[in-house]
Amino acid sequence: MASKMNQLFCSGLEVANFVVSSGLLKLSWAKILDCYGGFNLNELQNLGLSIKWKAYQQANINILVFTTSPICTKSHLQYSKQLVSSTAFKESFPVFEFLCNNGNSFSIHKAAIALFADHFHELLQLKAECGRNSNSLIVTGHSLGGSVASLFTLWLLESLDISLAKRPLCLTFGSPLVGDKGFQQAISQHPPWNSCFLHVAATSKDSIPRLFIAPHDLNSMDLDSKSDDYKPFGTFLLCCEDGCTWSDNPEAVSELLMAVETEDTGNEEWTINVYSRIIEQLESMIVRKGISQVNEPILNSLRAGTTLQIEAIRIRNEQLLIKKLEELEEICMFNKGKAFDPAKKLNVIKIKMAELEWYKKVAKANETGYYDCYKKQLSRRDRDIIKHKKFLTKYWKEVVAQNERKPQKQLVYLRSRWLYAGTTYRRMVEPLDIADYYRDGGSNYVTNGRSHHYIKLEQWLEADEKQSRFRIDTKKQNVDVILTDDSCFWANVEEARQWCKTLKTADVGMISERLCLRQKLMEFEVYVMEQIKKYAVSSEIFLKGSSFMQWWKEYEMLIEPFHNSPLTDFIRNCKFQQYASGCLALS
């Protein structure tokens with residue numbers, strides 16, 4: 001694995017230096033200092049903390065600053081490390097419930113969530129104002145104000161429509177860690193959100209960013225932290241006067257923060273000035289020297305990158321830490337390589353779907369339809385389709401599971417192209433699962449046999465159609481080539497056939513049961529006719545070898561000669577022959 005990692009690894013120094021040279025740090029920090037201008041730096045530290053925010057506009061950038069009064073220092077935080085579980089504030093303050101996707105739970109720093117909750121109504125108004133502005137937005141804050149800035153940014157992201165606005169950048173300075181591993185995982189599982197957070201830590205002068213990290217043995221490679229441990233998320237820019245380094249690997253960030261020697265200044269307010277000095281020195285250093293270089297050439301790129309990271313900031317236990325960081329980076333890159341990426345398999349998925357389309361075409365030529373061909377399993381071609389079905393089902397189950405793990409706004413799920421592909425897959429493949437289910441003697445597929453991923457794909461389509469964001473409209477199309485809209489259509493057909501069989505054999509004296517069965521069959525008639533009127537069923541259902549036409553033969557033998565309904569009129573008068581062209585007038 002090491003040789004592969006060496007090829008892929010890239011030091012974060014280039015990224016860190018780019019962020020410094022862009023001017024974003026200097027601009028954001030200047031606004032924080034301006035916001036602090038209304039505070040008395042000598043205020044008594046035993047006063048309770050309150051939050052303050054101020055909005056700035058510069059060119060086409062809006063900057064929203066969060067600070068505390070008095071300035072939050074180590075003395076405020078060292079005895080208030082308590083985490084509060086999402087289950088504890090679920091009923092009273094469910095603002096961050098969207099992070100509890102798929103039953104996950106998490107915990108947030110109690111002091112940060114308390115400040116957020118205390119000012120919720122004002123922040124709600126501020127959120128609405130941010131939503132009405134199309135400018136780029138930077139949300140920034142210092143110390144505990146940075147924690148509140150992070151929570152506010154998450155709240156913005158939850159309701160953001162990226163088709164109308166850009167994602168905000170959250171830039172914090174000297175912020176304590178905000179949440180536990182569950183909180184970090186909920187955010188990192190959605191990379192576009194995770195990339196919106198940049199945390200700046202003056203490693204040798206400010207102890208607050210590392211204050212909540214549980215101490216551990218550097219020799220240990222046990223990555224299974226306790227559930228109540230704080231964990232970093234987003235990207236960290238670790239700085240001192242000599243340089244800076246960057247990392248988005250949470251385990252590596254924890255190690256680097258713990259390994260840095262923090263100077264005891266004796267004056268906690270002095271850390272405010274530290275960031276001003278470090279930003280100025282880093283900017284002048286980049287202009288003067290460019291990216292720092294290692295004195296001796298190192299051929300191993302992973303070792304070179306790790307050494308450069310450690311050289312950029314003041315570190316203790318250097319050699320041991322280099323080894324640990326290399327191992328963590330290898331694990332991180334290996335896990336990224338194993339991560340499921342739907343886009344990488346798209347071409348294979350298209351080929352598998354094309355195979356099914358061809359199978360459908362051949363089955364139709366045999367006057368049977370692909371549902372019944374597959375159900376009978378008479379040829380090798382039918383059995384070969386099983387492999388394609390399994391591959392496609394595994395793929396879409398992973399897509400759905402991955403999407404369910406993401407923190408997200410209610411009713412905003414897959415992008416349109418994925419939703420279209422998922423809908424086509426569901427309408428093509430679920431009938432094959434239904435065929436398997438009833439061939440094996442199953443009953444009531446919709447309640448007892450339907451896979452969760454089909455249910456979610458259908459729900460997400462319905463939600464998007466309600467918002468008019470995405471719609472598949474088959475009306476007036478050539479229904480000879482469409483897939484049936486209701487992917488459970490064939491399950492309804494199979495149930496109707498079972499009702500016919502039961503009604504045929506039911507004792508004459510079982511009046512209530514027979515009436516119930518007849519009522520179900522008439523409801524099925526109505527259901528089918530509704531689908532026909534919407535041009536929502538494929539003309540394949542009318543092929544002479546299809547299960548639907550078999551149902552019709554069985555049903556026709558049970559109904560009275562004088563029974564008349566829109567469906568019986570449609571079939572008896574062979575109107576389905578014109579239906580395939582989409583030109584039949586239906587009312």
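The shown structure was predicted, so the numbers you read here are calculated from the model rather than taken from an experiment. Throughout, numbering of the chain's residues begins at 1 and tracks the sequence.
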ask   = For residues Q459 and K456, is any side-chain donor paired with an opposing acceptor at under 3.5 Å?
value = yes
ask   = Does a side-chain heavy-atom distance below 4.5 Å link C170 with T140?
value = no
ask   = Does atom NZ of K81 have more than 12 heavy-atom neighbours, drawn from other residues, nucleotides or ligands, at distances under 6.0 Å?
value = yes
query = Is the closest side-chain heavy-atom distance between P209 and L177 below 4.5 Å?
reply = no
message = For G234, is there any backbone N or O sitting under 3.5 Å from a side-chain donor or acceptor partner on N194?
response = yes
Electrostatic pair R427-E458, nearest N-O below 4.0 angstrom = no
key: Within the 6.0 Å centroid threshold, strictly below: W396 and Y454   = no
note = In short, L137 meets C130 closest at the heavy-atom pair CD2-SG, 4.2 Å
inquiry  = Rounded to the nearest 0.5 Å, what separates atom CD1 in I279 from atom OG in S28?
reply    = 8.5 Å
Minimum heavy-atom distance between S107 and S85, given as atom pair plus value = OG-CA, 3.5 Å
ask   = Is a side-chain donor-acceptor pair under 3.5 Å present for H142 with Y275?
value = no
key: Residue among T67, I63, I138 satisfying side chain to side chain contact (heavy atoms under 4.5 Å, CB included) with K31   = I63
key: Any pair counted as side chain to side chain donor-acceptor pair (under 3.5 Å), so long as it reaches residues 119-128, sequence neighbours left out   = K127-S159
Near-ring test F120/W155, centroid separation under 6.0 angstrom = yes
task = Please state whether the rings of F173 and W29 are parallel, tilted or perpendicular, taking 30° and 60° as the class boundaries.
result = tilted
task = Measure across I278 and A202 and return the closest heavy-atom pair with its distance rounded to 0.1 Å.
result = CD1-CB, 3.5 Å
key: Distance-only polar pair, side chains of Y425 and T393, donor-acceptor under 3.5 Å   = yes
ask   = Under 3.5 Å, is there a donor-acceptor pair between the side chain of S195 and the main chain of P192?
value = yes
task = Evaluate the side-chain proximity of L257 to V253: yes if any heavy-atom separation is below 4.5 Å, no if none is.
result = yes
query = Does the side chain of F197 reach to within under 4.5 Å of the side chain of V139, using non-hydrogen atoms?
reply = no
Geometric class of the H199/F233 ring pair [parallel <30°, tilted 30-60°, perpendicular >60°] = perpendicular
note = Value for CG (L33) from OH (Y36), rounded to nearest 0.5 Å, stands at 9.0 Å
query = Could you go step by step and tell me if L49 and S69 meet the side chain to side chain contact (heavy atoms under 4.5 Å, CB included) rule?
reply = CA-CA 6 Å; L49 292 170; S69 175; over 6 Å; no
task = Decide yes or no for L151 and V178: does some side-chain heavy atom of the first lie under 4.5 Å from some side-chain heavy atom of the second?
result = yes
Residues L77, F212; criterion side chain to side chain contact (heavy atoms under 4.5 Å, CB included); working and verdict = CA-CA 9 Å; L77 297 171; F212 296 163; 4.3 Å; yes
ask   = In Å, rounded to the nearest 0.5 Å, how long is the span from NZ of K110 to CD1 of I113?
value = 12.0 Å
inquiry  = So that I can tick it off, tell me whether K231 and E251 are bridged by a salt bridge, with the cut-off set at under 4.0 angstrom between side-chain N and carboxylate O.
reply    = yes
query = Do you know which two heavy atoms are closest between V95 and F116, and how far apart they sit?
reply = CG1-CE2, 4.4 Å
task = Could you check if a side-chain atom of I208 sits within less than 4.5 angstrom of a side-chain atom of L144, using non-hydrogen atoms only?
result = no
ask   = Do you know which two heavy atoms are closest between C72 and H76, and how far apart they sit?
value = CA-ND1, 3.7 Å
ask   = Is there a side-chain contact between T68 and S143 (heavy atoms, below 4.5 Å)?
value = no
note = Closest heavy-atom pair, C35 versus K52, reported as atoms and distance to 0.1 Å, is O-NZ, 3.7 Å
query = For S451, what residues pass the side-chain hydrogen bond (donor to acceptor under 3.5 Å, both in side chains) criterion, not counting sequence neighbours?
reply = H453
request  = May I ask you to test the F89-I108 pair for a side-chain heavy-atom distance under 4.5 Å?
outcome  = yes
key: Mutual orientation of the aromatic rings belonging to Y230 and H109 [parallel < 30°, tilted 30-60°, perpendicular > 60°]   = perpendicular
query = Can S147 and S175 be counted as having a side-chain donor-acceptor contact under 3.5 angstrom?
reply = yes
key: Lys/Arg-Asp/Glu bridge criterion (N-O < 4.0 Å) met for D34, K54   = yes
